Amino acid sequence: MDKIYRFSSNRQIALNSAEGKASTLPIFVCFSCNTKTRFVNWQGYKTGNGGIKLNLVECSALPPHLRDLNPSQLEAVRHYTGPMLVFAGAGSGKTRVLTRRVASLVIDRKVSPSRIMAVTFTNKAASEMRERLEKLLGKRRAEQLWISTFHSACLRILRAHYKELKYRSNFVIYDQDDSISLIRRILKDMGASDATKRTARLCLGAIERAKNDNIDVDSFSYNPLFYNFSIDLRDVYKLYQKQLFEANAMDFGDLLMKTVRLFSENPSILEAYQRRFLFISVDEFQDTNRVQYIFLKLLSGKTQNLFVVGDDDQSIYGFRGADVAHIKKFKEDYPSAHIVMLEQNYRSTQNILDVANSIIKVGKKGNVKTLWTEREGGDPIFTYVAEDEEEEASFVADKINALVGEGRYKYGDFAVFYRVNAQSRAIEEAMLNEGIPYRIYGGVRFYDRKEIKDIIAYLRLIVNENDDHAFLRVVNTPPRGVGSITVGRLIEEGKKCGSLFHCARKAERSAGLKAFVSLIEELREFSRDAELEAIVRTVIEKSGYDAMLNSSKDEQSQSRLENLQELVFVAMSYRDVGKEAIQAFLDNVTLISAQDRHSSEGGDSSKGHVSLMTLHVAKGLEFPVVFLTGFENGLLPHIRSIEEGNFEEERRLCYVGVTRAKDILFLTRAETRGLFSSGFFREISPFALSIPDDKLEDLSGDFKGYAA
DNA sequence: CTTCCTGCCGTTTTT
DNA sequence: CGGCAGGAAG
């Protein structure tokens, strides 16, 4: 077995006798000088005093795809087989390690790229990784790799095996909005006293949690005292699954749960995938939930070649069922796993790291990772207290313009983070005022807009007439004389004849309904072999959506029309024709993450744009200059999180934010904020209190002034 | 059946 | 503040 030792000028690793067992084997020693790593092959043997004496055997440079790795990263990459856990701090090059390992498998190990799966946290991370690998492996080989999120990977598998699950082809995916209105209908049906959106969301939350834990209808149980309403949550879950199935639809949780179920109920299918995927790697492993872990365990069952990379300090998706305990579980389930720690941070200055460490260290017992960097010193962390959120935003905008004015940075180097999406509005306005180009990631998403969702509902109805939710959404949008009474009657009858659309076809009474049915059928006929762009354009026109918006005096109509134009533009990039095109489009629309979507843009973008995003979206990214806004108690630990006992997760969220910064970090807070009740006086975030004062430079003079 | 108005609620984070 | 749901009028 090869063993690699780090041997750099400023830090020398001790070669003790325990490791010296490898003395008759070749030992690789790496000299690290900035980014180029020399790869030197030594032969070592034990000396009398327990140390190792090294003899130079041969010298060679590393292969190109490993050349810019640092010694500890190299160690992680070059252990080829078996389970492996890379326990890596912020900015230690986790994703780089993962990418290079995939490249190394293909190049050094001659593994066929079609037999490697790499799971990333977001679709954006997946496409970035694919881009890198295209450069290292060439386009043809990179295309064969399975690089995707858990959800996309499962969707791909399910699309190939929908029959085993008794689904029909062209099943659709329901997003949270779809699910909530479905549950509302179920609640009303069951005669629940309270069928509001709020209750529906509560029910969906419970169901989602169950699915994250791979608990299906039969084994589902809950605490009825917690949900103090009349109906039985188990019945809701049961009906929900039944209606999803009848609508030929799945929700997000189903994608994973049904894949796991497919595997456990059909050993031959599982075996085929086990044989196919010789190597599986997972990024951001700390945010893996139970059903995802089961998926990984099943898939890697044969080869055990599971390579996971994660940082327990950056676990921030607990609300989605993510559990750091899976890192521990991994060590137990794979006792032979190699474990590599990456503690060097290649991103931030020492000052930024000190602040990050001071935040994360509090309340942690033992086993603390200590990150270090060669970027000593650096700028202090700047702090600022604003009167309100608007002043905070204009402070940010001023600083950005000042720094750009100095010529050191361009707009693309800046990021502004916040805890909740609602905070983006004030910042957005300040950016517009100062003429700063910006982009909001997440927030009110393009595909969440009403007009877009309506057109998408039409598309869904075209490929799948059983999609009752889509039916209800657009049957009277634009208005065609099908009101709540007609719809109510239809739902009553719908219980007998399957889907609502089926039922509507038979209903002769309502002229509006007849018009709707023939509209959809006409559109379906048209879509048979048309290009996606033409399909979308036709839907917008023939449905009367176009006319409705054009004749409306509402000011929003113009921007709605523009959004629809944008949708047509997006559709142009799809090559397929007919149903397949719509299918691919719909899959993308529901699965692509907030990071891929920019909802608004301002100014010209020749110098890039400032990125505005929530702390959650910021995970995995880095920026030279970072503004962390709303550093207030109740907001950055968010009050709801505190109430639910997730205080520590908020601390990690804060840590994630701070460690995104390469050079300069600003922490800002406002004394009042109109966000909740206005005029409410806000005190500083408790996370600020552990930061040593000598690392801070306070631009307002009282950043910590109001601390309790 | 649609539209408009009023009042109330709620206001984390996301694949 | 803003969005949405439900009710009354047109």
Side-chain angles (χ1 to χ4, degrees), chain A residues 119-126 148-155 173-177 180-181 184 194-198 200-201 205 208 211-212 250-256 284 287-289 291-292 315-322 389 417-426 441-445 448 450 476-488 510-512 548 552-554 556 587-597 613-619 630 634-644 646 649-650 652-654 656-657 673-678 680:
Chain A
V119 182
T120 58
F121 195 71
T122 63
N123 286 291
K124 184 172 184 217
S148 68
T149 59
F150 278 110
H151 291 266
S152 300
C154 287
L155 177 60
I173 301 153
Y174 271 22
D175 66 13
Q176 217 166 46
D177 242 47
I180 285 174
S181 41
R184 283 195 67 182
D194 165 33
T196 58
K197 213 167 182 175
R198 205 184 105 90
R201 187 167 289 148
E208 274 180 348
K211 289 185 177 180
N212 285 333
M250 293 186 192
D251 69 4
F252 273 67
D254 280 343
L255 289 177
L256 288 152
E284 308 284 10
D287 284 316
T288 299
N289 64 32
V291 68
Q292 290 167 338
S315 164
I316 55 174
Y317 280 88
F319 66 92
R320 221 168 73 185
E389 75 270 25
F417 299 155
Y418 35 82
R419 175 66 235 268
V420 301
N421 283 308
Q423 282 172 264
S424 69
R425 228 195 37 160
Y441 292 82
V444 180
R445 296 165 200 170
D448 288 348
K450 185 188 175 315
N476 199 32
T477 333
R480 52 176 71 83
V482 185
S484 56
I485 293 169
T486 316
V487 171
S510 163
M548 178 180 72
S552 158
K553 286 189 184 70
D554 194 339
Q556 279 196 341
D587 281 354
N588 270 328
V589 162
T590 26
L591 282 188
I592 277 178
S593 78
Q595 289 194 21
D596 290 337
R597 310 163 174 177
M613 62 186 81
T614 64
L615 286 163
H616 283 88
V617 173
K619 191 177 72 164
L635 190 58
L636 188 44
H638 195 279
I639 182 85
R640 293 281 296 258
S641 263
I642 301 171
E643 282 164 9
E644 284 165 24
N646 297 328
E649 185 157 307
E650 297 288 302
R652 294 191 291 268
L653 195 53
C654 185
V656 166
R673 194 172 284 279
L675 198 58
F676 301 100
S677 50
S678 62
F680 180 57

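Throughout, a chain's letter reflects where its sequence line sits, starting with A, and its residues are numbered from 1. Since this is a predicted model, take the numbers as computed values, not measurements.
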S.K.: Is there, by distance only and without an angle test, a donor paired with an acceptor across the side chain of Arg419(A) and the base of dT13(B) below 3.5 Å?
M.R.: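 Checked by distance alone, the answer is yes.
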S.K.: For a quick check of understanding: with a heavy-atom distance under 4.0 Å over all strands, which category does Glu284(A) fall into, base, sugar-phosphate or nothing?
M.R.: nothing
S.K.: Among dT11(B), dT14(B), dT12(B), which nucleotide has an atom closest to any side-chain atom of Thr614(A)?
M.R.: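 Within the option list, the nearest is dT14(B).
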S.K.: Whole angstroms only, please: what is the CD1-C1' distance between Ile639(A) and dT13(B)?
M.R.: 15 Å
S.K.: Please measure how far the C1' atom in dA5(C) lies from the corresponding atom in dT12(B), and state the result in whole Å.
M.R.: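 Between the two C1' atoms, the distance is 23 Å.
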S.K.: Using a heavy-atom cut-off of under 4.0 Å over every strand shown, decide if Arg652(A) touches base, sugar-phosphate, or nothing.
M.R.: nothing
S.K.: Taking atom P in both dT11(B) and dG6(C), what distance in whole Å separates the two?
M.R.: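 dT11(B) and dG6(C) have their P atoms separated by 16 Å.
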S.K.: Taking any heavy-atom pair under 4.0 Å as a contact, classify Tyr317(A): base, sugar-phosphate, or nothing.
M.R.: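 Contact class for Tyr317(A): sugar-phosphate only.
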S.K.: Of the listed nucleotides (dG6(C), dT15(B), dT13(B)), which one gets closest to any side-chain atom of Arg184(A)?
M.R.: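 Selected nucleotide (nearest to the side chain): dG6(C).
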S.K.: Any idea which of dT15(B), dT14(B), dC1(C) is nearest the Arg425(A) side chain?
M.R.: dC1(C)
S.K.: Looking only at heavy atoms, what is the nearest atom pair of Met613(A) and Ala618(A), with distance?
M.R.: SD-CA, 3.6 Å
S.K.: Counting only side-chain N and O atoms of Asn421(A), is one of them less than 4.0 Å from OP1 or OP2 of dT13(B)?
M.R.: yes
S.K.: Between atom CG in Asp287(A) and atom C1' in dT13(B), what is the gap in whole Å?
M.R.: 11 Å
S.K.: How long is the straight-line distance from CG of Leu653(A) back to CD1 of Ile316(A), given to the nearest 0.5 Å?
M.R.: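 It is 5.0 Å, given to the nearest 0.5 Å.
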S.K.: Distance check needed: dT12(B) P versus Ile316(A) CD1, whole Å only.
M.R.: 17 Å
S.K.: With sequence neighbours excluded, tell me which residues meet side chain to side chain contact (heavy atoms under 4.5 Å, CB included) with Tyr317(A).
M.R.: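 If we apply the side chain to side chain contact (heavy atoms under 4.5 Å, CB included) test to Tyr317(A), skipping adjacent residues, the hits are Phe121(A), Asp287(A), Phe319(A), Arg320(A), Ala322(A), His616(A), Lys619(A).
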S.K.: Expressed in angstrom and rounded to an integer, what is the separation of Asn212(A) atom CG from dT14(B) atom P?
M.R.: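 Rounded to the whole Å, the gap is 15 Å.
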S.K.: Mind checking whether His638(A) and Val420(A) have side chains closer than 4.5 Å, heavy atoms only?
M.R.: yes
S.K.: How many Å lie between CD1 on Ile180(A) and P on dG10(B), as a whole number?
M.R.: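 Rounding to the nearest Å, CD1 of Ile180(A) and P of dG10(B) are 14 Å apart.
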S.K.: dT13(B) C1' sits how many Å from Arg201(A) CZ, rounded?
M.R.: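 Rounded to the whole Å, the gap is 13 Å.
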S.K.: Please produce a list of atom pairs where a protein N or O lies less than 3.5 Å from an N or O of nucleotides 2-6 of chain B.
M.R.:
from: dT2(B); atom 1: OP1; to: Asn476(A); atom 2: OD1; distance (Å): 3.2
from: dT2(B); atom 1: OP1; to: Asn476(A); atom 2: ND2; distance (Å): 2.9
from: dT2(B); atom 1: OP1; to: Gly481(A); atom 2: N; distance (Å): 3.3
from: dT2(B); atom 1: OP2; to: Asn476(A); atom 2: ND2; distance (Å): 3.2

S.K.: Ring-on-base stacking between Phe121(A) and dT15(B), under 5.5 Å between centres and under 30° between planes: is it there?
M.R.: no
S.K.: Which residues satisfy the side chain to side chain contact (heavy atoms under 4.5 Å, CB included) test with Asn289(A), sequence neighbours excluded?
M.R.: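 Scan of Asn289(A) (side chain to side chain contact (heavy atoms under 4.5 Å, CB included), adjacent residues dropped) gives Asn212(A), Val291(A), Gln292(A).
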S.K.: Look at the side chain of Gln176(A) and decide which nucleotide, out of dT11(B), dT13(B), dT15(B), has an atom nearest to it.
M.R.: dT15(B)
S.K.: Send over the distance from Tyr418(A) OH to dT12(B) P, rounded to a whole Å.
M.R.: 15 Å
S.K.: For the pair made of CG in Leu653(A) and P in dT12(B), what is the distance, rounded to whole Å?
M.R.: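 It is 15 Å, rounded to the nearest whole Å.
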S.K.: Glu649(A) side chain to Gly318(A) main-chain N or O, any donor-acceptor pair under 3.5 Å?
M.R.: yes
S.K.: Should the side chain of His151(A) and the base of dT15(B) be counted as holding a donor-acceptor pair, with the cut-off at 3.5 Å?
M.R.: yes
S.K.: Indicate the atoms forming the closest heavy-atom contact of Ser641(A) with Glu650(A), along with that distance.
M.R.: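 It is OG-OE2, 2.8 Å.
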S.K.: Using OP1 and OP2 only, check whether a side-chain N or O of Arg640(A) sits under 4.0 Å from dG10(B).
M.R.: no
S.K.: Yes or no on side-chain contact (heavy atoms from CB on, under 4.5 Å) for Val617(A) and Thr122(A), after CA distance, side-chain angles and deciding distance?
M.R.: CA-CA 9 Å; Val617(A) 173; Thr122(A) 63; over 6 Å; no
